[in-house]
Amino acid sequence: MTQSRPNEFIPPPECPVFEPSWEEFADPFGFINKIRPIAENTGICKIRPPPGWQPPFACDVDRLHFTPRIQRLNELEAQTRVKLNFLDQIAKFWELQGCTLKIPHVERKTLDLYVLYKLVKEEGGFDGVCKERRWTQIALKMGFAPGKAVGSHLRAHYERILYPYYLFQAGANLMVRSLKHFYNFPFPLFSLITFIPLWQCFCFFFPPQVEQYICLVCGGGGDEDRLLLCDGCDDSYHTFCLIPPLHDVPKGDWRCPKCLAQECGKPPVAFGFEQASRDYTLRTFGDMADSFKSDYFNMPVHMVPTELVEKEFWRLVSTIEEDVTVEYGADIASKDFGSGFPVKNGTFKVSPVEEDYLSNGWNLNNMPVLDASVLTHVTADICGMKLPWLYVGMCFSSFCWHIEDHWSYSINYLHWGEPKTWYGAPGYAAEQLENVMKSLAPELFESQPDLLHQLVTIMNPNVLMEHGVPIYRTNQCAGEFVITFPRAYHSGFNQGFNFAEAVNFCTADWMPLGRQCIQHYRSLNRYCVFSHDEMTCNIASKADSLELELASAVQKDMCAMMLEEKMLREKVYKLGVWHSQQVDYDLLPDEERQCAKCRTTCYLSAITCPCSPDQLVCLYHIEDLCSCPARSYTLNYKYTLAELKPLFQALTARAESYEDWASKVNKILKADQDNKSDLEELRSLVVEAEKKSYPETDLLSHLRQVIQNADRCTSMAQQLLNGKRQTRYRSGGGKSQNQLTVEELKSFVNQLYDLPCTIRQAPFLKALLNRVEQFQQQSSDLLAEDTPGSSALQSLLDEGAGLDVELPQLVVLRQRLEQARWVEAVKEASDQPADLSLDCMRRLIDQGVGLTPHACVERTMARLQELLTVCEHWEEKAHNMLTARPRHSIETLEAALQEVDSIPAYLPSCLQLKDCVNGAREWIMEADALQAGGRIPGLAALSELVSRARSIPVMLEPLSRLESLISEVQAWKESAAKTFLLRNSSHSLLEVLCPRCETGPQKSKSKKAKDVSVPCKKVEVKLDSLFDVEKALSTSKYTVSAMATLSEVHQKELESLSMLRTSNESKFQSSPSCLAPTVCLCHTVPAGPMLQCELCRDAYHSGCVPGFKDIQTGLPWLCPLCKRSEKPPLDKVLPLLASLQRIRVRLPEGDALRYVIERTVRWQHKVQLVSPTQHPNGKVSLIKLGTELEELLVEGLLMQVTLPELQQLYRSLLNRFSPSQHSLQSSEHDHQYHIAQDRSPPHRSPPHSKGQKNSKRRLEKENTEGQHRDKIKKPKKKKPKLNKERRREEKRTTSPSNSLSDLSYSDDSEEDWSVCSAKQCQQPEGNEVNWVQCDGSCNQWFHQICVGVSAEQAENEDYICVSCAINDLTE
């Protein structure tokens, strides 16, 4: 059969796991006895110690060394080992015939020769299968797919490999059978089953030949080169006479069929584990184990799941293809290297905190020798039973199916390391497990009948379970115990590197099983670890100190022992053994007193013979001693039967003392009323039982229960009499937990008189019972009345509560009292309708529902329920009206409210509905008043009115119209915002349209808003922030007042802007501190190309201004702070105002827009009125136009509307005051001036002083070096220049010595003086370039050709540049 992958392993059910409390854990055997009824049904169990129980690891790691056992996993499993043995036999069979066995493959899988051999044998043999043509069925049984002609292949392989072996096993001579087949010799086939030399059979057919070597098959000696000599017996055979024939002479050793039978017939060597070739320490073994597991699973050892290891283990032990070998350090004696637990006087020193572990019962060094352990009375220190054994495991190392010696208990503790997986079968299934294993692997048990006692064979738990054997499993983790019960087969394997310790122990319940085990060992001829009879006698000699349970168990065991010994001795006597002698077997070692037949250790008696004085047998095997007659035998005995009786009697006395005590207890408990004993006498019997350590029998438990009941009755009776018992609330509480009913009181009184002992409180309780009966009579009389008074009811209730007994009449009295109080509460609530809410009615109804039915209660309940139904109906209806969609009209709601007014109750939803109707009426009046007389409502009032309307759950007709107005206003605001606001602008529409309230960048809106709230002595309207302006516009009732407000704000805007312009211009004046001014958005000193705002007069770095390269030529430039809107043209603004007038809603933005348009119209009118006058000589009158033009320009720049008049005014001013026509052309540098990067100290003087400038108008480059430098200094591009308006302000606010040249802080730079300051420099080249310096306030240099000045004019007249001329004009 092909070796298919075994079915996946299915874990058996889990065994019980116990977690004892500290109290239970304190008594090991007591706890084991407690769990035995549960755990012995599974054979094994696991115990987790209480948290905190962690004994120190006391083993000397450095001194521990051991030689582990070698385990080949596929040899452990019984069925796999059978297959391997079979293959070994087949291979040996063919090897001895000079052939090498090669296992064939079928369907690309290795053929399972063993299964094929077994199946053919079961189907009737090779001939039968061929005759019935059952090879296809065999292929199907072996798992091959049908329809592939596998059967013919199986037949060929069987006939070639297995059939010769089968005939050999059957004892047939293959060569004779073949000879008959080839030569048709008529001799009978009896020669097929004998090894008589075949040449004798041919003597009748062939004449004798004189040859040195002849073939024993054909009898001929020819073809000597084809003759084979057996390497075992020197017989000769032709290679072609053999079956199968050999083509060539084998190179190795060759055996003839006779020698082959001898070699293959040798008994197999008993299987066992080999010892490893090296010695390990704990550390080196751990390194090897961890390396093996991590390499095998290709992952860290702690990450391998236990389920994976378990399935892989059972796969490996069930396959013959994979050969995995592991090592197991098992049965290491703790006495040689020390236990893992600390022991007294050991080398490991424990701390004071850990000293309790030295004497702890769960310490495996202590458990076998505890007082309750039977092994305490075994004198020898037996390793593994009384002395713990140590186990060092690695992954896959296993312990095979076995039971403990003498069928004892075992306990295993895993000190540390990875888990250990256990499998166990209960003791009652031991024989069933043995039979299943024998039936599945009979070949192993034929050679080793005691195979299961060798601990070398394992079988898959799933296979055992399939055959009905109950199997349980568990994973034992570090710090946990596993206990196996008597005769419970168990096995398992280790998940990885770990360290465990195990020992045996026996309790009293084991005694009969121990004797049964000796009989079992005797049948198997197996050695005993200790003498059971010797242990029993040792225990009997200490009868007085034994625990009663142990004494009783030993007494029964000794009784059986004595009966068995008496029977055996009588048998011996009958056989004629009369000689006897007493022998002290205690002094002999166990190996010198073992039965020669069954290996049982003899103690009570043995038989010896003078012919072999060193040999003895037990009384069971007297016939197996020797061939001498029985009369020559000698009976050796330890005790006579008479000597055993005192030991037995002592045990009996110890066991039967309990019977005397039990008799006395039974007599007291069954005494009649007149002969009762006192309670103290019962207590004395319990003390006696505890003193003599009597077992916890049912009688002792019953006695303790009787005393406990008597104590309880005494205490309860005393409490009843003293009135100290917990009582109910006297006027209406429930039953107390400890309160007795009348029947219970009667029963209790009877119980007091029925106790086995007398109670002195019994007469007093009898008197209490009489008072209770009197109260019951009075209650019956009062309840018989139709309307009992509340005072009488309350008085009788108080009296009954004082009796401290549960009285049925109290319940009825309390019910009648509660009914009366409830009716009064309903009546009181009905008298006050304003407070009678739905919850109040429901509460009263709930209270009434719990009352006992009564006519008065039912009538009141009916009226209250009817009122509640009506109220709930109207509450729900009112709620639905409030939440209805669409909403109800006000007329519908008023009609509903008229019906509600007649209901005498408090209805919140109806009241809310009424408030909503009143609110709707008020809102409609306000809406009508808002637009009465053609008034235009304000947006704030309109929004507030709409917001209120949405919270009123009433259909309001004007609401939709008002909402439409608000939507139109919002749409208008969005349109206006798109028209005016810049992209990503931080300003609101109102902020852009209104005149600026703050022009200083340091002031913030939040500060101004805060200032508004500061109280003033005189109430006045402040317009210091946009919030103030918006509030003033929103509260103004008329457009005139809004325009006045905006005019006032505009005036403040002009004043603030004037101050800001003056402040910014003063930055460039000389300062005594000589500190550089801070400018621009970045608040740093001037540097490089600078821009100057035409409105605020502040300077900006060109790199700090977004869109520097997009500045339009010939237009006034505004800084980012001054340019707040897109400034649309007026033709785009006027339609916005017209559309707002159609909406007929006033809003602050609309008033601001109206004011913007009015300002624009007024400004246009002013510009038309202002025209510069000319002197008769043609010169401009700068004084007349300066101030007026500046104000117009500033006001025009403040407007948020683009006007052609503003651009014309700005260009005309530039053109009007330019000295020449071509110098007045605008360029993209109109708003720029250059500030050098050199930061030279400001105290350095410029290269040309004032005196030098006045004395020289012309700069000439006279030498070659000067010409060359002039060429290099010529600007390749247009250099940034200072804004003309900025120069004008600088000229006005600074002295000649503090010009813009001073502000540049680049006095030492030659480049400042080699660049022409003209707007459109023509960049003249040549050996001589004429220059001229402005006599105005800027002192800048210009090429004469760039500004249209001749050399004579520059020499004889003052030259004033365009910038300075405009500045003088505005001033």
Side-chain angles (χ1 to χ4, degrees), residues 27-30 32-33 361 366-382 385-386 406 408-409 486 504-518 528 530-567 569 582-587 601-605 637-665 685-697 699-700:
D27 182 10
F29 288 148
I32 292 173
N33 290 334
N366 301 330
M367 180 169 281
V369 294
L370 293 177
D371 292 339
S373 174
V374 176
L375 295 183
T376 306
H377 305 281
V378 176
T379 56
D381 290 336
I382 307 170
M385 291 201 72
K386 289 187 66 176
H406 290 258
S408 61
Y409 289 82
N504 294 106
F505 65 92
C506 300
T507 56
D509 63 280
W510 165 84
M511 290 296 295
L513 291 174
R515 184 161 296 279
Q516 183 182 351
C517 178
I518 298 298
C528 298
F530 59 87
S531 173
H532 188 87
D533 292 340
E534 182 180 0
M535 181 193 67
T536 302
C537 293
N538 289 338
I539 297 174
S541 64
K542 305 170 185 177
D544 295 338
S545 60
L546 296 178
E547 293 185 358
L548 185 63
E549 184 178 3
L550 180 58
S552 179
V554 174
Q555 182 212 18
K556 297 176 182 178
D557 185 74
M558 191 171 186
C559 180
M561 180 189 72
M562 292 176 64
L563 292 175
E564 179 186 15
E565 186 66 18
K566 181 180 178 182
M567 179 194 67
R569 290 188 183 186
Q582 191 168 14
V583 179
D584 192 356
Y585 281 117
D586 293 332
L587 303 178
T601 302
C602 299
Y603 179 72
L604 290 178
S605 58
Y637 61 89
K638 169 66 177 177
Y639 299 105
T640 63
L641 295 178
E643 290 173 343
L644 290 175
K645 287 184 179 180
L647 297 176
F648 180 73
Q649 291 172 354
L651 281 174
T652 303
R654 173 61 179 162
E656 291 180 353
S657 62
Y658 173 78
E659 301 297 333
D660 297 337
W661 175 86
S663 177
K664 187 176 181 180
V665 171
L685 291 174
V686 174
V687 172
E688 179 183 356
E690 294 174 350
K691 183 177 180 181
K692 293 184 178 181
S693 302
Y694 289 157
E696 288 293 334
T697 60
L699 182 61
L700 180 56

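Residues: numbered from 1 along the sequence shown.
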Checklist entry - Passes side-chain contact (heavy atoms from CB on, under 4.5 Å), Cys506 versus Leu513? Steps please. => result CA-CA 10 Å; Cys506 300; Leu513 291 174; over 6 Å; no
Could you grab the distance from atom [atom1] of [X] to atom [atom2] of [Y], nearest 0.5 Å is fine?
X      : Y      : atom1 : atom2 : value
Lys542 : Asp371 : NZ    : CG    : 10.0 Å
Cys528 : Tyr603 : SG    : OH    : 15.0 Å
Leu644 : Cys559 : CG    : SG    : 12.0 Å
Gln649 : Leu651 : CD    : CG    : 10.5 Å

Next on the checklist: Per the salt bridge (charged side-chain N to carboxylate O under 4.0 Å, His left out) rule, what does the pair list look like for residues 530-540, sequence neighbours excluded?
Outcome noted: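 Every pair satisfying salt bridge (charged side-chain N to carboxylate O under 4.0 Å, His left out) with a residue in residues 530-540: Arg515-Asp533, Glu534-Arg593.
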Those residues that, when tested against [X], pass side chain to side chain donor-acceptor pair (under 3.5 Å) (two or more places apart):
X      : value
His532 : Asp557
Thr601 : none
Thr652 : Gln555
Asp509 : Arg36, Tyr409, Thr507

Item to check | Donor-acceptor pair, side chain of Thr376 and main chain of Leu370, under 3.5 angstrom | outcome: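 Indeed, once roles are kept as given, a pair shorter than 3.5 Å links the two residues.
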Checklist entry - Quick one: are Ser605 and Glu565 in side-chain contact, heavy atoms under 4.5 Å? => result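 Counting from C-beta outward, Ser605 and Glu565 do come under 4.5 Å.
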Item to check | side-chain contact (heavy atoms from CB on, under 4.5 Å) between His377 and Leu550, worked out | outcome: CA-CA 12 Å; His377 305 281; Leu550 180 58; 4.2 Å; yes
Checklist entry - Can you name the salt bridge (charged side-chain N to carboxylate O under 4.0 Å, His left out) partners of Asp586, sequence neighbours left out? => result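 Residues passing salt bridge (charged side-chain N to carboxylate O under 4.0 Å, His left out) with Asp586: Lys638.
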Item to check | Test log, rule side-chain contact (heavy atoms from CB on, under 4.5 Å), inputs Thr536 and Val554 | outcome: CA-CA 7 Å; Thr536 302; Val554 174; 4.1 Å; yes
